[in-house]
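This report concerns only the one structure given below.
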Amino acid sequence: MKKTDSNNSSITLSRRSFIIASTATAAWLAMGGHSRTAEAAASHVLAPLPYAENALEPVIVAKTIGFHYGKHHKGYVDNLNKLIAGTEYADLPLEKIIMRTAGQAEKTAIFNNAAQIWNHTFYWKSMIPKGGGEPPNALKLKMEASFGSVEACKKEIFSAAVSQFGSGWAWLVLDGEKLKAIKTSNADVPLTTGMKPLITVDVWEHAYYLDYQNRRADYVNAVLDKLINWEFALQNAG
Ligand code: MN3
């Protein structure tokens, strides 16, 4: 009797191991991100926020960041991992996925999710608690050379942000040697047109609606005056 029990449990154990192994493999193939093995192999991860969720208050409250980072940004990461599992994009770094799928109608979903991951990670770094104020001198000189003054530069970024119809992004970019303020729609990112992003402001409604409702201009002004991380912009210009 004892021997039979022992045999049974040994069979049960090996069956269970087989089931666990199969499940892990299936998850790896289908999801590309639900098992630890898959994460270590190829999955994209949600970059940590560079500050606490409440660190940008009162300009942007913790609840906004909680949804924006924890739901929207995370959603793009989860979606991309599902979309690229088992494809030619599975092992590529994020920027390569963006460059290779840009402008390809049949790859729109992959491009949108990949670019939105990149854009959001860049957006979080574009802000800092107690930001705004005077840019570092090296950046100030570049702004003066391209726009005439720091104020004129900020005004151009503001105009790009408020004139973007619908969802998108406002950017300060380096186009060759010249600084420019531009806007992009939906997930579009200046990388794909050869421009170097220095700073961005998310103007999708999810970025500001809890704090400012329809008043996008108030949100953009507050970000530029109180949160924008000019040091980050300067690092990117180097
Ligand atoms: Mn967003």
Side-chain angles (χ1 to χ4, degrees), residues 56 59-61 63-65 67-69 71-77 79-80 83 94-95 97-99 101-127 131-132 143 146-148 150-176 178-229 232-233 236:
L56 305 183
V59 182
I60 302 175
V61 301
K63 192 176 179 186
T64 300
I65 304 289
F67 278 103
H68 198 175
Y69 174 73
K71 303 289 181 191
H72 291 277
H73 191 178
K74 182 180 185 298
Y76 298 125
V77 175
N79 285 339
L80 182 70
L83 287 165
L94 195 61
E95 287 193 18
I97 297 176
I98 293 169
M99 299 305 278
T101 55
Q104 295 192 53
E106 74 281 13
K107 304 293 182 198
T108 301
I110 294 178
F111 172 82
N112 282 342
N113 285 283
Q116 284 293 79
I117 296 171
W118 196 97
N119 292 343
H120 281 89
T121 303
F122 197 79
Y123 169 63
W124 305 127
K125 292 179 183 171
S126 294
M127 298 183 289
M143 287 172 167
S146 296
F147 297 97
V150 172
E151 276 313 304
C153 173
K154 284 172 70 179
K155 208 170 169 182
E156 290 289 320
I157 300 170
F158 174 82
S159 298
V162 296
S163 65
Q164 169 56 33
F165 185 78
S167 297
W169 302 82
W171 306 83
L172 179 66
V173 299
L174 203 51
D175 188 11
K178 200 172 159 58
L179 289 182
K180 284 182 181 170
I182 64 159
K183 58 194 174 187
T184 59
S185 292
N186 299 318
D188 284 350
V189 51
L191 294 175
T192 60
T193 48
M195 291 182 276
K196 201 176 195 182
L198 304 191
I199 216 116
T200 195
V201 182
D202 189 342
V203 297
W204 285 57
E205 284 185 345
H206 66 224
Y208 60 87
Y209 219 82
L210 291 176
D211 297 280
Y212 300 88
Q213 295 78 52
N214 59 319
R215 293 173 285 115
R216 186 192 288 183
D218 290 351
Y219 154 74
V220 175
N221 269 328
V223 168
L224 290 175
D225 287 342
K226 295 170 184 162
L227 297 179
I228 208 79
N229 186 349
F232 178 64
N236 293 320

Margin query: Test side-chain hydrogen bond (donor to acceptor under 3.5 Å, both in side chains) on Gln116 and Asn119; report intermediate values, then the result.
Written below: CA-CA 5 Å; Gln116 284 293 79; Asn119 292 343; 3.1 Å; yes
Taking the side chain as everything from C-beta on, heavy atoms only, tell me whether [X] gets closer than 4.5 Å to [Y].
X      : Y      : result
Asp175 : Met195 : yes
Ile98  : Thr192 : yes
Phe122 : Asn236 : yes
Thr184 : Thr193 : no
Trp171 : Leu198 : no

Locate the shortest heavy-atom distance separating [X] from [Y]; write the atom from each residue and the value.
X      : Y      : result
Ile157 : Ala170 : O-CB, 3.9 Å
Trp124 : Ile65  : CZ3-CD1, 3.8 Å
Ala217 : Phe158 : O-CE1, 3.6 Å
Asp202 : Gly168 : OD1-O, 3.8 Å
Leu80  : Ile97  : CD2-CD1, 4.4 Å
Leu210 : Gln213 : O-NE2, 3.4 Å

Next item on the list: Take Leu179 and Leu174, measure what side chain to side chain contact (heavy atoms under 4.5 Å, CB included) needs, and give me the verdict at the end.
Entry: CA-CA 5 Å; Leu179 289 182; Leu174 203 51; 3.6 Å; yes
Next item on the list: Dump the intermediate steps for side-chain hydrogen bond (donor to acceptor under 3.5 Å, both in side chains) on Ser126 and Asn229, then the final yes or no.
Entry: CA-CA 5 Å; Ser126 294; Asn229 186 349; over 6 Å; no
Compute the ring centroids of [X] and [Y], then answer whether they are less than 6.0 Å apart.
X      : Y      : value
Tyr219 : Tyr209 : no
Trp169 : His120 : yes
Tyr123 : His73  : no

Next item on the list: Determine whether the side chains of Ser146 and Lys180 contain a donor N or O and an acceptor N or O closer than 3.5 Å.
Entry: no
Next item on the list: Give the intermediate values and the outcome of side chain to side chain contact (heavy atoms under 4.5 Å, CB included) for residues Lys74 and Tyr69.
Entry: CA-CA 6 Å; Lys74 182 180 185 298; Tyr69 174 73; over 6 Å; no
Check: Counting only heavy atoms not in Phe67, do more than 12 sit closer than 6.0 Å to its CZ atom?
Finding: no
Check: If you round to the nearest 0.5 Å, how far is CD1 of Ile228 from CD1 of Ile199?
Finding: 4.5 Å
Next item on the list: Rounded to the nearest 0.5 Å, what's the gap from CG on Leu94 to OG1 on Thr121? Could you check?
Entry: 7.5 Å
Next item on the list: Evaluate side chain to side chain contact (heavy atoms under 4.5 Å, CB included) for Asp188 paired with Phe111, printing each intermediate quantity in order.
Entry: CA-CA 9 Å; Asp188 284 350; Phe111 172 82; 3.4 Å; yes
Margin query: If you apply the rule side chain to side chain contact (heavy atoms under 4.5 Å, CB included), what do you find for Leu191 with Trp118, and how did you get there?
Written below: CA-CA 10 Å; Leu191 294 175; Trp118 196 97; 3.7 Å; yes
Check: Do side-chain atoms of Ser163 reach the backbone of Ser159 as a donor and acceptor pair under 3.5 angstrom?
Finding: yes
Next item on the list: Without swapping roles, check the side chain of Arg216 against the backbone of Gln164 for a donor-acceptor pair under 3.5 Å.
Entry: yes
Item checked: SB check Lys154 Asp225 (cutoff 4.0 Å) -> yes
Check: Between Ser167 and Glu205, does a side-chain hydrogen bond (donor to acceptor under 3.5 Å, both in side chains) hold up when you go through it step by step?
Finding: CA-CA 7 Å; Ser167 297; Glu205 284 185 345; over 6 Å; no
